[in-house]
There are 2 protein chains.
Amino acid sequence: MTREPEETVASKITRILAERIVSGALAPGEKLRQDHIAAEFGASHVPVREAFRRLEAQGLAVSEPRRGVRVAAFDPAEMREVAEMRSALEALALRHAVPHLTPAMLAEAERAADAADRCRDIRSWEAANRRFHRLLLAPCGMPRLLRTIDDLHAASARFLVGGSAAAWEPRVDVEHRAILAALRRGDADAACATLARHVKRIGPLPRRARVEQGGYPLFG
Amino acid sequence: MTREPEETVASKITRILAERIVSGALAPGEKLRQDHIAAEFGASHVPVREAFRRLEAQGLAVSEPRRGVRVAAFDPAEMREVAEMRSALEALALRHAVPHLTPAMLAEAERAADAADRCRDIRSWEAANRRFHRLLLAPCGMPRLLRTIDDLHAASARFLVGGSAAAWEPRVDVEHRAILAALRRGDADAACATLARHVKRIGPLPRRARVEQGGYPLFG
DNA sequence: ATTCGCTATTTTATCTATAAAATGGAGTGG
DNA sequence: CCACTCCATTTTATAGATAAAATAGCGAAT
């Protein structure tokens, strides 16, 4: 069990389980057995339980006293909820980031958007997309808000990887560019409105009619 | 140490410590000693540590690996951040609650607003005010959003009780009434805008000039 | 006076073991 | 077949102990 010098056992277990949940290796609703996980990591139950508490905090797991922990499920309603929350909170973060965004930061964000466009698989796309968003929002300097947005991104990533990987395909994201263009001409309102809409919009329905109508926050 | 049949030791410790943090009995920045708290509750360190993880999740505590846990501090920037997040998220919740609000629910909310107006101390006012908000928002049926709002309310309560109790005084909250009136005439836009503004507005500056200018989310 | 090194003590993180609660299966009765 | 009871087994929650890391205090060197 390799871990960073600063990383505690509990933190490492948290990190690895979170990755598994987000990647779909641990399925929604699946029971998380503290005894099995402890055995797998060569640890005691205690750091496993601490990891569970942290996963709960991130919305990745749900527990019931004395009955164990499950990977949090997701359904269309929750996906819409996450999309709506992201829309509201990312627009708020961008509003506060705007006064701090420099041309160099926007250039960096554009490079991130380019990198996302070049991705060939959904996982690396998701990470690159998340980076793009983070580069624009972090200058808001509001830690609680950014943490909340991170958790919502993790939930989105789960829906994406677990729900619609087959529907995804490489593309150029014109809305990323529209956000950057608005920011460059100093139009904060347009940038925020575009971002809010972008986060909420539905995936590529014209090409994949079987994708369910419902406000999936999949491709923002 | 009394606890509910369903409540685990860790949950009880979480609950009690959260109450102390919100009430100000545990001060911002104060060190939370796992060994002392364990001794106080007649428990081992293990459920105390689990309680710490939960308090962190609620934003009431901050921890550093191997260096312990402190009561989360608050400063004007954080208070403004919480106000902004509440404004965005409560407006979102109300928007989604509107189609589900019945006249009976609005009457109940009005009774809660009346109860808040009658409060003689800031603590009971905070609880009544929170109840008013909750009655309006809960019909949105978005659990993650409501949990997030709850945590933000706890943070607000802390600022309120710990920061400006001396500045508070009983009053009739006309904005609560304005929100209810807008809802009753079916004007969701006005209701949401009033709520957003109400959550963000500054406390009674005209009467207490020494209260710092800064966007305190104190009296919403 | 300040900085560094060393050591003792304290505090945090985790272990092993155990108690309490939940679960599962078998048997019985209607 | 279904519902209930009982008991064995499993799983979760926690206690007490221990190891690892951090902190505090003292003395020596500059």
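Being a predicted model, the structure only gives us computed values, none of them experimental. Values below: all heavy atoms of this structure, side chains included; hydrogens, waters and symmetry mates excluded. In the text below, chain A, chain B and the rest are named by the order of the sequence lines, each starting its count at 1.
Residues B/Ser11 and B/Thr8 have side chains that bring a donor and an acceptor to within less than 3.5 angstrom of each other. With 3.5 Å as the limit, one finds a donor-acceptor pair spanning the side chains of B/Asn129 and B/His176.
Here the CZ-CZ distance, from A/Arg147 to A/Arg144, works out to 6.5 Å after rounding to the nearest 0.5 Å. Of the inter-residue distances, the one linking B/Arg95 atom CZ with B/Met142 atom CE reads 12.0 Å to the nearest 0.5 angstrom. With rounding to the nearest 0.5 angstrom, the CZ atom of A/Arg86 is 8.5 Å from the CG atom of A/Leu195.
Rounded to whole angstrom, the span from the CZ atom of A/Arg49 across to the P atom of C/dT16 amounts to 17 Å. Distance, A/Arg53 CZ to D/dT14 C1': 13 Å, rounded to whole Å. In this structure, the NE2 atom of A/His45 is 15 Å from the C1' atom of C/dA20, given to the nearest Å. Note: CD (B/Glu56) to P (C/dT12) measures 13 Å, nearest angstrom. Taking atom CD of A/Glu64 as the reference point, atom P of C/dA22 lies 10 Å away to the nearest angstrom. Here C/dT11 presents its C1' atom at 13 Å from CZ of B/Arg70, a figure rounded to the nearest Å. The CD atom of B/Glu50 sits 14 Å away from the P atom of C/dA13 (whole-angstrom rounding). Here D/dT14 presents its P atom at 10 Å from CD of B/Glu7, a figure rounded to the nearest Å.
The side chain of A/Val9 has C/dT14 as its nearest neighbour among C/dA13, D/dA13, C/dT14.
A/Ser87 places a side-chain N or O within donor-acceptor distance of the main-chain N or O of A/Ala196, the cut-off being under 3.5 Å.
In terms of position along DNA chain C, the nucleotide closest to B/Gly68 lies nearer the 5' end than the nucleotide closest to the other residue of the pair B/Gly68 and A/Ser44.
For the contact set between residues 25-37 of chain A and DNA chain D, defined by any heavy atom under 4.0 Å, the members are A/Lys31, A/Arg33, A/Gln34, A/Asp35.
The pair A/Arg54-B/Glu56 meets the salt-bridge criterion, since a charged nitrogen lies less than 4.0 angstrom from a carboxylate oxygen.
Look at B/Arg66 and you won't find any side-chain N or O under 4.0 angstrom from OP1 or OP2 of C/dA13. Between A/Arg67 and the phosphate of C/dA22, there is a side-chain N or O to OP1/OP2 separation shorter than 4.0 Å.
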